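Keep in mind that what you see is a predicted model, and the values were worked out from it rather than measured.
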Amino acid sequence: MAPWGLIGQAQVAVVSEETYNWSRPCEVHVVTLKAVDINVTVRGFVARVEASLTYHNATTNALELEFRMPVDEGAAVYKFEAVIDGRKISAKCMEKKKAEQIYKDAVQSGHTAVLAREDALTADVFHLALGNLPEGSQAELQLSMMMELKVKTDGAVSFTLPTVLNPRYCPLDISPSQHTESVAQTGNPETVIVSEAYTFGIKAKVRGGHIIARVTSHHDSLNVKLSDDSMSAEVTQDSGGFKPDHDWSMLIYYANPYKTHIIRESGERAGTGLMKDDLVMVNLHPEFPEESYSHRNEILFVVDRSGSMEGDCIQSACATLLLFLKSLPTGCYFNVISFGSTYSLLFPDGSQEYTEETLKKALELHGTIKADMGGTEILQPIKHVYSTPPKPGYARQIILLTDGQVFNVDQVKELVSCHAHETRVFAVGIGNGASTALVYGLARAGRGRAEMVYQQDKLQLKVMGLVRSMLQESAQDVKISFEVDPPGGIKLIPKNPPIIFGGQHLIMYVRVPTSTEVKNITVSGIVGCAEFKNCYNGSDIVTIHDEEKTLHRLAARAQINEWQIANEEDVAEDMITLSLATGVVCRWTALVGVDLDMKPVGHNPEADTVDEVDTGKEAESEKEHYPVDYGKNLMAVVSLQKFDGSWTLEDVVKVTSLPHSLLAGATTYKNETSWATSVVLAFLEMKYSAEKDEWGLLANKARMFIARCGDDVEVLMEAARKVLAEN
C-alpha cells in the first residue's frame, strides 16, 4: 500500500550522457517530498480537485523523475503544471506518442519538461514525469481534475479522494512490458528515495445552491464550518492531520438530495466541437412501477479471495456476501464462485434454487472464506460464467466482490460488454485503494451498478440498495426526449441512453445550441410489462458561467468512458479529437510542457560566443541562445519558428550549420526571411520525413508566410533542396 508521498519512489532516473551499465551499482539520492496539498471545491453534484505535490532536489545532479498517482476512473484530468523555482511550465493536451516524443527530445536537449498520461491498461492510475529538475531546485507539480458526485443509497453525496495506490496483480497472460509504462529514460537510471517527512493538507469548500444538513467522513475527524444560511461549508482536517494510509472521503448530506437539479453551463464561443455549445447536466431520480421487481433471477456471487484481500477487505467481503445471501428472494437460483489464482464453485453442476438447504451450504462456505487463493486471476471465473447460457426464463446477474487490484481491466470489461445483453454485472469495491477502473468499469460495461465499501462504512444500506437494483427488471426502449425552441440541434452525451434504475441518482449530459431554449425533458421506457414516464420542467434549469467548463469536461469524460467499452471502429480517432478539443486526457493523449525560457541543464557560458564567429552577427540574448545541436533535435527546430510561421537566416545557420554568407547568396528572393523559411522546410523534409505528421501543420503556416511575402513557394523550395543537397 503506497500513499501519495511514496509514489515518487517508482522509476526515477538521473539525466546523464552516459550509457547505463546494468552491472554497476546504482547511486542513491534523496528527493524530499515537502508537502501534498489538496483543494476540493464541491458544487452540487460535481467536484473540482487541485492536487499539488512539492518536491526538493537536494542532490548535485539534475534528476529525471517518474511518479504514479491514483485517480478516480471517472475523473476528467485536464490540467498539469509545474512551478520550478518560480517559473511555471504549463502542459498542453496532444496525441500521446507526439507528447512523449516532445518530452523525450526536450529532456535530451537539457530542457526541463513535464508529462502526464493515463496508464495504458487502467484509467485510475496516472503517470507523471518531470525531466531535468535542476540541482537544488524545488518543484511543485499541480494536477487538476473534475469528478461527478452521485447520491448514494443512504442519501449522502459522496466524495472520495484516492490516496492509496496498491500494487496491481499482473495476470499470467500479460507480459511485464504491457503493464510497465515508462518514458524511455534519456540517461543513467539511479535510485532516488523520497523522504516520508512531509505534510498532507486537505481543504474543501461546499457550494452550489443546496441547503447542507451536515458534512462528515467515513474515517476522519473533520472541522466543518457551516455558513449561517447552511448554503455553504468550509471543511478542513482536524489538528491531528491526515495520514494517507486510506482513501480520504467526505459525505455531504443535502436537505433534499433527491430533488431534480438541472444546470446549464455556457460554452466557449471561440471553442470547437463540444466546447462551443452550451452543456446541460441533468440530475434526477426516476421512479419505476412497483411491479418492476422480479423473483426470476439467477444470481452468481463472484468473490475475490486473492492474497491482497487479507485483513479488513476479506472481512468486509464476508459481511457483504452474508447480507446478499440473506436478502435473496425465494424462487431465485444462485451460486458462489471463489477465485484467486484458480476458481471454485459452491455448486459445480450449476446454479441451484434458493432454498433452506442450499442457503445452509452457502453459509457453511461463508464461514470458511479466507484470502488464501493466491493471485487475482479474475478473467477465468467470468469466462466460466459466460461459457453456459443463462437459465431459461431467468435473468442472470453477476455480483462481483473484489479489491480490483489487477492490470487486465480492459480484457475483463470487453468480455463483460460482449455479454451485457444477457447478463448484468454489479460490482462492490472492497477497501482502500480498490480499483475504481475495474469496479465502476465492469458495472458500466455490464449495465449494472457499483458501490465502494470501506471499513466502518454503512455496509447494509449499500448492499440492500444493490439488491433492489439487481432484482429490478432492466429498463428497455429507454428514450430521452426534449421539447426545445427552435427544434433540433440537441445531442445526448454520451449518445446512448444511460443505464436507469428506479430511485437511483441518474446523471445525463445534453449538448444544446447557444440560442436554444429547453422547455422540458422526458425520460420514458418499459420495465417488464409496465411503461414509465418521468417529466421535468425546463423552467427549473439554472444557468451558470464557469471558466473551467466543468460540465463540458465531465461530459467529455463520460463519452470517453463509453467509447472505451463500446468496441466501435475508429473509436481511437474520435477519442483523440474529443480529448484535444476539451483538454480531457484519454488513453490516446497526454499533457506535455517544456520550459524553453530556461537555459538547458549543462549550459556552457563559454559557448555563447560561437554564433558571433559563425554568423558575423552580434551574440544573441541569453534567453534565445542554447548550446543545442538543432539539426539533431526536431523540437529545437520547431521552437525557433516565429509566431508568423517564419524562420530567420540566423535560425538556418543553427539548424544546418551552413555559413551565413552561403545561405544569403544562394538564390534570388523578394524577402530574405521567406528564403530562410524555405530552407528550414526543405531541411525538415530531408531530416524528419518520418515525423511529417508532427510538423505538417506548422509547415503549412510557413508556406502561407512565404506566399504573403510575394515569393513563389515551390521555386524557393526547389532552390533550398538544391543548396542542402550540395552542401
Side-chain angles (χ1 to χ4, degrees), residues 92 94-95 98 101-102 105-106 109 111 270 272 580 592 594-597 600 607-727:
K92 295 183 178 180
M94 59 182 64
E95 193 273 328
K98 180 179 179 181
Q101 188 62 49
I102 289 174
D105 288 346
S109 301
H111 293 291
T272 59
L580 297 183
V592 64
V594 179
D595 185 1
L596 292 174
D597 289 337
D608 288 351
T609 60
V610 172
D611 279 358
E612 287 186 288
V613 176
D614 287 345
T615 66
K617 303 289 183 179
E618 293 183 2
E620 296 177 49
S621 70
E622 212 173 54
K623 179 177 179 179
E624 294 176 333
H625 182 79
Y626 303 115
V628 176
D629 187 345
Y630 289 92
K632 295 182 180 179
N633 191 315
L634 172 60
M635 290 313 301
V637 177
V638 171
S639 70
L640 291 172
Q641 188 182 38
K642 305 302 184 289
F643 176 78
D644 57 7
S646 67
W647 285 272
T648 66
L649 278 182
E650 287 73 19
D651 296 333
V652 179
V653 171
K654 294 179 183 179
V655 170
T656 66
S657 298
L658 296 176
H660 185 279
S661 56
L662 172 64
L663 293 166
T667 190
T668 57
Y669 45 76
K670 293 181 180 179
N671 184 289
E672 181 183 88
T673 306
S674 67
W675 163 239
T677 301
S678 301
V679 178
V680 175
L681 288 179
F683 179 81
L684 288 172
E685 289 179 350
M686 180 179 69
K687 298 287 287 187
Y688 298 104
S689 60
E691 293 86 8
K692 188 174 181 179
D693 58 339
E694 298 182 20
W695 52 264
L697 291 178
L698 63 90
N700 291 339
K701 183 178 179 181
R703 286 173 174 269
M704 292 175 62
F705 170 82
I706 297 170
R708 288 198 303 271
C709 291
D711 282 303
D712 188 305
V713 177
E714 294 306 323
V715 170
L716 286 192
M717 287 295 297
E718 188 60 34
R721 295 184 188 105
K722 183 178 179 182
V723 168
L724 293 177
E726 293 177 350
N727 296 278

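A side-chain contact (heavy atoms from CB on, under 4.5 Å) with Leu649 holds for exactly one of Thr673, Thr677, Leu663; it is Leu663.
Residues Glu95 and Leu580 approach most closely at N-CD2, 4.0 Å, considering heavy atoms. Shortest non-hydrogen contact noted between Ala702 and Gln641 is CB-NE2, 3.9 Å.
At a threshold of 4.5 Å between non-hydrogen side-chain atoms, the residues Leu681 and Glu685 do not count as touching. Side chains of Lys642 and Asp651 form a contact here, defined as non-hydrogen atoms less than 4.5 Å apart.
Residues satisfying the side chain to side chain contact (heavy atoms under 4.5 Å, CB included) criterion with Ala720, sequence neighbours excluded, are Trp675, Ser678, Val679, Ala682. Residues passing the side-chain hydrogen bond (donor to acceptor under 3.5 Å, both in side chains) test with Glu714 are Arg703, sequence neighbours excluded.
The 12-atom threshold is exceeded at CE of Met686, counting heavy atoms of other residues, nucleotides or ligands nearer than 6.0 Å.
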(request) I would like to know whether Val723 and Leu658 meet side chain to side chain contact (heavy atoms under 4.5 Å, CB included); could you show each step before the answer? (result) CA-CA 10 Å; Val723 168; Leu658 296 176; 4.2 Å; yes

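Note: Ile706 CD1 to Asn671 CG = 9.5 Å, rounded to the nearest 0.5 Å. Distance CG/Asp712 to CD/Glu718: 11.0 Å, rounded to 0.5 Å. In this structure, OG1 on Thr656 lies 11.0 Å from NZ on Lys687, to the nearest 0.5 angstrom.
Listed by first and then second residue, the side chain to side chain donor-acceptor pair (under 3.5 Å) pairs involving residues 661-670 amount to none (not counting sequence neighbours).
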